[in-house]
Amino acid sequence: MKELDLLKKDWQKSGDSFEQVSETEIYKMLHAKSSSVVKWILIVSILEFVVLNGISFFIYDRSYEKFMNLHPFLGIIDKINYLIIIIFIYLFYRNYKTISVLQSSKTLIEHILKTRKTVTYYIYWNVVIGGIFGAQSGVDGFNEGYKSGANLSENTKNVIDVNYITITVMALIIMTVIWLFYKLLYGGFLKKLKQNYNELKKIDL
């Protein structure tokens with residue numbers, strides 16, 4: 001935001017006669033910055049979708065295929081996940097196209113908030129999906145281990161309780177890692193949009 005700070009300093013030195021012009025210039029700068037940020041959100045989301053799915057497409061994993069065959073409902077969730085992500089990418093695209101042509105600070109503020117909410121929901125969605133798949137993987141791992149060593153267990157209930165606590169903790173760890181990944185990926189964009197939002201609230205065109 002260095003350019004904006006310099007512009008505001010010049011505005012303060014210039015006097016009241018240039019107030020409206022200075023506000024207009026500040027709006028234009030914030031508009032351009034916001035449009036650029038939303039464009040990069042769109043680009044990163046597309047690259048993320050292509051790269052992650054490309055890796056899974058080109059790298060064959062027999063154990064993952066077996067896992068999915070054992071749980072048809074996860075296959076349905078996976079397909080729904082693809083659809084939801086495509087919808088989010090479309091929303092990012094629509095937000096970018098809308099912000100690019102806005103002509104007032106009020107509508108720009110509204111769409112910055114809308115974009116931030118969309119990105120936040122996108123992150124939460126991926127965290128939940130990761131938690132579902134992680135928890136099911138943990139359950140499968142426990143079931144296989146329990147079946148193979150069931151005869152060695154003297155206290156079945158305690159074994160089940162301890163392992164399901166472990167599964168829950170593992171799922172929470174997976175969800176936390178996914179959340180951190182997406183915060184790292186999109187957190188900078190959200191921070192910039194918040195800065196632009198705060199600056200826009202200070203001007204009145």
Next on the checklist: Among Ile178, Val177, Ile132, exactly one meets side chain to side chain contact (heavy atoms under 4.5 Å, CB included) together with Val127. Which residue is that?
Outcome noted: Ile178
Does some side-chain heavy atom of [Y] sit less than 4.5 Å from a side-chain heavy atom of [X]?
X      : Y      : result
Tyr90  : Arg94  : yes
Phe49  : Ile89  : yes
Lys192 : Lys33  : no
Leu184 : Leu180 : no
Ser34  : Tyr197 : no
Val38  : Ile112 : no
Trp179 : Asn126 : no
Leu193 : Ile41  : yes

side-chain hydrogen bond (donor to acceptor under 3.5 Å, both in side chains) with [X]: which residues, sequence neighbours excluded?
X      : value
Trp125 : Asn81
Thr115 : none
Tyr122 : Glu48

Rounded distance [0.5 Å steps], [atom1] in [X] versus [atom2] in [Y]:
X      : Y      : atom1 : atom2 : value
His111 : Lys114 : NE2   : NZ    : 5.0 Å
Lys97  : Asn95  : NZ    : CG    : 12.5 Å
Ile77  : Ile129 : CD1   : CD1   : 6.0 Å
Tyr182 : Thr120 : OH    : OG1   : 14.0 Å
Ile85  : Ile46  : CD1   : CD1   : 12.5 Å
Ile123 : Thr118 : CD1   : OG1   : 11.0 Å

Checklist entry - Hey, does the side chain of His31 reach the backbone of Ile99 with a donor-acceptor pair shorter than 3.5 angstrom? => result yes
Next on the checklist: Treating Ser35 as the side-chain partner and Ala32 as the backbone partner, does any N or O pair qualify as donor plus acceptor under 3.5 Å?
Outcome noted: no
Item to check | Atom CZ of Phe189 with >12 non-hydrogen neighbours under 6.0 angstrom | outcome: yes
Could you pull out the closest heavy-atom pair between [X] and [Y], with the gap in Å?
X      : Y      : value
Arg116 : Lys194 : NH1-CB, 3.5 Å
Ser45  : Tyr186 : CA-OH, 3.1 Å
Lys201 : Ile109 : CD-CD1, 3.8 Å

